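Some notes on the structure that comes next.
In what follows, every chain begins at residue 1, and chains take the letters A, B, ... in the order their sequences are listed. Note that the structure is a prediction, hence the values are computed from the model and not measured.
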Amino acid sequence: MRFVFGTTNQYKVRELAAILRPLGIALDITDPIDPEETGDTIQENARIKAQAYGRYVGDTFAQRLMVERRCSLADARRFLCLDQAWVISEDSGLVVPALDGLPGPWSARFDDGVFEGGRLVGHHPSGRGRDEIDLANNRRVIELMQGIQQPHRTAAFEICLVVADTDGNVLFESTGRASGWILPDLIGNDGFGYDPIFASDTSFGKSWAELDSMRKNLISHRRKVLQDFTAWLAVQIKR
Amino acid sequence: MIDDHTLPMEEFKQLPLVIEGESKEVRYAGNGLVVIFFKPTVYSFTQNRCAVVPGSNVPRLRASKIFVDVLARAGIRHAYREVGEQFVLADLVMPHEVEFRKYGIDPFVPPDLTDDEITALPHAPPIEIIAKRYLTGTTKHGCVGLAGSRVRASHPFYAGMSLSGDGALPEMLIRFDWRNPLTNPGQGERMAQQMLVDLPVPEEVRAAIVTYSDRCADAVLPLQLADLFIDVEQAQRTAFMTATALEAFLATRNIVFYDLCLFIDESGTLVYGEVSPDCGRYRHLNLGSLDKDVWRTGGSSADVIRKWQLLVDLLTGEVR
């Protein structure tokens, strides 16, 4: 059994490696592909990505080997043990009801969005680095939330993790959610993404960027899906 | 069948002895079942302290009951069938011959079972398994310079990370330790004879050295050696799943899981030992250590019981 994960995010790679390696399961990292994320929700986009990665790994890897070894596609798939290879994909983001669910599926590149009258009408990738775009995303949300008072500042971090086989069939799916609210300004130096503007009851009102990793890990939306994934893995291993 | 909730101590003592160590006494109840008495002892190798702490077995039993239920819900097999206020009723796991020799006990053979039935019983290896999430304890203290060291740059997943003392390890560490007795009589005398030959050492100093050198820590086994006694690959999975199930449960109580000492049978699939504050490190985010650290750092027996009871109260939800 082995898993293939398509990402450039070292933090996410380590998170999965820490689950799979102690179970003796191999983890391969593949180049990220950029499937068109046409879903309206984080869950839909996670599924789209997992299925695209599944087919990419199945087709691309096998076809590459088929050419190199001048063998049949079936032999190449067998040689690569693709029937035992699964892909993992995830999508996550910040959902703010007062912004009609935005940034939602656009969370990673929210500030690259084209806005008219506070509404997202298009998207133009700027190519900015992770830290730069994170800061800009946070400022964009704060700007859009100006004038909005509690209780309408509620928000939630959402994540969906999907496992698919190399034919693109979804085998496992789990969603996680952490509820809280949007702060009026960026606070704290730890964490990443929207952590500096997000607070919750579970963080005792502190921004998530003020929490050390130990405390954040106890309450995060990621914890729940990784627990679900670990439990699912246990069943697969027993089979 | 014996009712472990109402069994008087006198009747327990009449049952055939299976094995008795520093922390437990195991007696045979027939039909492949045992009754286990948790002795009220607390031990710390670091401090070389072992003492009877009256009442300390109660929070150990209560925590074990809760943790074993957590493992059952996670699909992990545990030999404990019922955990009462004084005894545990469990499936018999045949102790290893090394354990009988160590404690000077005649090897136990269940009188009511056939040879085939005995062969089919789960068997214990002379090994304990440590699941470690944070760099603490003997791993931190025993490897000088490990804390602060950087992961090799060519590592496929963890390159760029550094290990820090008491910090999270990149992944759960599963370690196999050979179970040594607390002391190995004669070891200190042999060492003294080799080291102190011709040295003018006062007799009381020599005696202290001999006594101290009799102490015997568990020894980390190379995996190939461990695999001769336990299915290492399967045991690693079971240990990891056990630790992650407990970690997830403790997180709901704002408690961080640091490490755990586990007993798993030769097949690597059955957990059979105590799971309690006596065999792991658990730290509440605001209330601090809830394990044996208070004892390791010289705390009193009352401190130990107070901390362990607090853990039980947090687990049951009586304290939030």
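A 4.5 Å side-chain heavy-atom check between B:Phe157 and A:Leu16 finds every atom pair outside the cut-off.
Using a 4.5 Å cut-off between heavy atoms, B:Ala168 makes no contact with chain A at all. Neither the backbone nor the side chain of B:Ala239 comes within less than 4.5 Å of any heavy atom of chain A. In this structure, no portion of A:Leu226 lies under 4.5 Å from any heavy atom of chain B. Using a 4.5 Å cut-off between heavy atoms, B:Glu233 does not touch chain A at all. B:Leu173 does not touch chain A: none of its heavy atoms, backbone or side chain, sits under 4.5 Å away.
With chain B as the partner, the residue from A:Pro22, A:Ala231, A:Gly24 showing the most heavy-atom pairs under 4.5 Å is A:Pro22.
In this structure, B:Tyr158 and A:Ala18 approach most closely via the heavy-atom pair OH-N, 3.2 Å. Shown here for B:Ala251 and A:Arg223, the closest heavy-atom pair between the two residues is CB-NH1, 3.7 Å. Summarising the geometry of A:Leu23 relative to B:Arg237, their closest heavy-atom pair is O-NE, 2.9 Å, with the distance given to 0.1 Å.
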Using side-chain contact (heavy atoms from CB on, under 4.5 Å), reason through B:Thr244 and A:Gln227 one step at a time and then give a plain yes or no.
CA-CA 8 Å; B:Thr244 50; A:Gln227 278 170 8; over 6 Å; no
The test is side-chain contact (heavy atoms from CB on, under 4.5 Å); show your working for B:Met161 and A:Arg14 and say whether it passes.
CA-CA 10 Å; B:Met161 295 179 77; A:Arg14 288 173 179 170; 3.2 Å; yes
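Distance CE/B:Met172 to CD1/A:Ile19: 10.0 Å, rounded to 0.5 Å. We find the CG-CE distance between A:Leu233 and B:Met241 to be 7.0 Å, quoted to the nearest 0.5 Å. The CZ atom of A:Phe204 lies 8.0 Å from the CG atom of B:Leu285; values are rounded to the nearest 0.5 Å.
In this structure, B:Lys140 places its NZ atom where more than 12 heavy-atom neighbours from other residues, nucleotides or ligands lie under 6.0 Å away. A:Asn189 CG: 12 or fewer foreign heavy atoms inside a 6.0 Å radius.
Heavy-atom neighbours of chain A within the stretch residues 256-277 of chain B, taken at a separation under 4.5 angstrom, comprise B:Val256, B:Tyr258.
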